[in-house]
Number of protein chains: 2
Amino acid sequence: MKFEPLCCPPTGDAKTAIQESDAEFAQLAAALGHPARVAIIRFLKQKGVCICGEIVEVLPLAQSTVSQHLKTLKEAGLVQGETDGPRSCYCLNPAALERLRVLLGDL
Amino acid sequence: MKFEPLCCPPTGDAKTAIQESDAEFAQLAAALGHPARVAIIRFLKQKGVCICGEIVEVLPLAQSTVSQHLKTLKEAGLVQGETDGPRSCYCLNPAALERLRVLLGDL
DNA sequence: TTCATTCATCGTAAATATACGATACAATGT
DNA sequence: ACATTGTATCGTATATTTACGATGAATGAA
């Protein structure tokens with residue numbers, strides 16, 4: 001049995017199995033789809049706030065690579081970054097993690 | 001609740017390097033890092049069991065592409081496939097999803 | 001100013017991901 | 001035996017990811 005919403009007749013509903021929330025979930029999941037980025041999230045959770053250099057010290061990756069991973073996490077909304085002088089302070093965005101938990105719960 | 005000395009970090013756990021569980025989490029997350037694969041998981045959840053062709057019918061992708069996504073999900077352990085005559089029956093592996101929830105909870 | 005520090009970005013090379021059509025292959029039907 | 005059906009896999013083209021060193025921008029100290 002197929003349940004179509006009665007309210008909004010889609011414009012060509014033949015192949016609409018991929019939903020908006022699928023893309024939202026996939027974006028968050030993809031951001032966590034690399035071990036280094038998971039480690040960064042754990043580190044931020046433990047530290048609360050830290051600067052980029054602290055993460056570089058702990059990971060077996062070049063500074064530019066860590067910065068790239070941080071950018072990925074930032075673009076997905078999982079972390080927030082704030083410039084503080086020559087440093088960059090990073091911290092988690094708990095709302096994004098919670099959003100991922102909700103979406104995973106719906107799955 | 002955690003009182004770490006600010007000065008000299010203890011010898012053992014100062015390094016929060018990339019852990020085994022980070023890779024495990026990342027593998028599951030990466031498998032869900034594409035909208036089509038999220039849609040497949042949703043479809044399997046709704047259908048319980050279905051053959052490859054049913055998924056091909058509802059996704060705007062070629063059969064070979066869907067088969068490739070299914071392989072990715074299978075390699076991550078998120079779905080199980082079993083051949084039934086000329087068909088392939090797929091279903092979810094709830095344990096893998098639960099594992100992901102646990103790992104995400106720890107995060 | 002000049003130098004050092006901190007980080008983001010650029011340029012790039014290698015690896016992986018994504019998509020498709022074509023093909024192979026196994027099981028069933030005629 | 002032969003064709004049909006449902007999938008997996010191959011080959012391939014393009015796009016993205018991942019990693020690094022080099023460079024640049026911004027700040028603070030000398």
Side-chain angles (χ1 to χ4, degrees), chain A residues 14-18 22-23 25-41 43-44 47 49-92, chain B residues 17-18 22-41 43-44 47 49-92:
Chain A
K15 307 292 180 88
T16 39
I18 300 181
D22 296 338
F25 186 99
Q27 191 180 9
L28 289 167
L32 294 175
H34 192 288
R37 290 195 290 268
V38 179
I40 289 173
I41 294 292
F43 188 74
L44 285 177
K47 278 282 201 175
V49 176
C50 73
I51 65 173
C52 178
E54 296 182 80
I55 303 175
V56 174
E57 280 178 10
V58 151
L59 293 182
L61 295 170
Q63 176 266 324
S64 58
T65 304
V66 171
S67 194
Q68 206 169 280
H69 282 308
L70 283 167
K71 186 181 179 184
T72 298
L73 289 169
K74 202 173 169 181
E75 283 172 351
L78 284 163
V79 309
Q80 295 167 318
E82 163 184 341
T83 296
D84 169 39
R87 294 175 258 282
S88 282
C89 285
Y90 284 97
C91 64
L92 285 184
Chain B
I18 301 177
D22 296 339
E24 185 189 2
F25 185 97
Q27 191 180 8
L28 289 167
L32 294 174
H34 191 289
R37 291 196 289 269
V38 179
I40 289 173
I41 294 293
F43 188 75
L44 285 176
K47 278 282 203 176
V49 176
C50 73
I51 64 172
C52 177
E54 295 182 80
I55 303 174
V56 174
E57 279 178 12
V58 299
L59 292 183
L61 294 170
Q63 176 266 324
S64 58
T65 304
V66 172
S67 194
Q68 205 168 280
H69 282 308
L70 283 167
K71 186 182 180 184
T72 298
L73 289 169
K74 202 173 169 182
E75 283 172 353
L78 285 163
V79 310
Q80 296 166 317
E82 128 185 11
T83 71
D84 168 40
R87 293 176 259 281
S88 281
C89 285
Y90 284 97
C91 64
L92 284 185

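All chains are named by letter (A, B, ...) in the order of the sequence lines, taking the proteins before the strands, and each is independently numbered beginning at 1.
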Asks: Starting from C1' on D:dT17, measure out to CG on A:Leu32 and report it in whole angstrom.
Replies: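 Distance, rounded to whole Å: 16 Å.
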Asks: If you apply the rule side chain to side chain contact (heavy atoms under 4.5 Å, CB included), what do you find for B:Ile40 with B:Leu59, and how did you get there?
Replies: CA-CA 9 Å; B:Ile40 289 173; B:Leu59 292 183; 3.7 Å; yes
Asks: In whole angstroms, how far is the C1' atom of C:dC7 from the NZ atom of A:Lys71?
Replies: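 Whole-Å distance recorded here is 13 Å.
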Asks: Figure out the CG/P separation between A:Leu70 and C:dT6, and round it to whole Å.
Replies: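 Distance check: A:Leu70 CG to C:dT6 P gives 16 Å.
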Asks: Under 4.0 Å between any heavy atoms, over every strand shown, what does B:Ile51 touch: base, sugar-phosphate, or nothing? Just pick one.
Replies: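 Counting heavy atoms under 4.0 Å across all strands, the contact made by B:Ile51 is with sugar-phosphate only.
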Asks: For every nucleotide of nucleotides 15-30 of chain C, 5' to 3': is a protein heavy atom under 4.0 Å from its base (B), only from its sugar-phosphate (S), or from neither (-)?
Replies: ---BBBBB----SS--
Asks: Which part of the nucleic acid, if any, lies within reach of B:Ser88 when heavy atoms closer than 4.0 Å are counted: base, sugar-phosphate only, or nothing?
Replies: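 Sugar-phosphate, backbone atoms only, no base.
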Asks: Working note: A:Val79 + A:Ile41, criterion side chain to side chain contact (heavy atoms under 4.5 Å, CB included); need CA distance, chi angles, decisive distance, verdict.
Replies: CA-CA 8 Å; A:Val79 309; A:Ile41 294 292; 3.8 Å; yes
Asks: For A:Leu59 and D:dA19, what is the distance between atoms CG and P respectively, to the nearest whole Å?
Replies: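 Distance check: A:Leu59 CG to D:dA19 P gives 10 Å.
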Asks: Below 4.0 angstrom from OP1 or OP2 of C:dT6, is there any side-chain N or O of A:Tyr90?
Replies: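 Answer no for this pair, as no side-chain N or O of A:Tyr90 is under 4.0 Å from OP1 or OP2.
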Asks: Please check this pair: side chain of B:Gln27 against backbone of B:Glu24, looking for a donor-acceptor N/O pair closer than 3.5 Å.
Replies: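 No, the answer is negative, given that no donor and acceptor are paired below the 3.5 Å cut-off.
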Asks: Atom SG in A:Cys50, atom CG in A:Leu44: separation rounded to 0.5 Å?
Replies: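 Those atoms lie 5.0 Å apart.
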Asks: Give the rounded distance in Å between these two atoms: NZ of B:Lys74 and C1' of D:dA8.
Replies: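 To the nearest whole Å, that distance equals 10 Å.
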Asks: Please walk me through it: do B:Leu28 and B:Leu32 pass side chain to side chain contact (heavy atoms under 4.5 Å, CB included)?
Replies: CA-CA 7 Å; B:Leu28 289 167; B:Leu32 294 174; 5.9 Å; no
Asks: Within the side chain of A:Glu75, is there an N or O that forms a donor-acceptor pair under 3.5 Å with the backbone of A:Thr72?
Replies: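 Absent.
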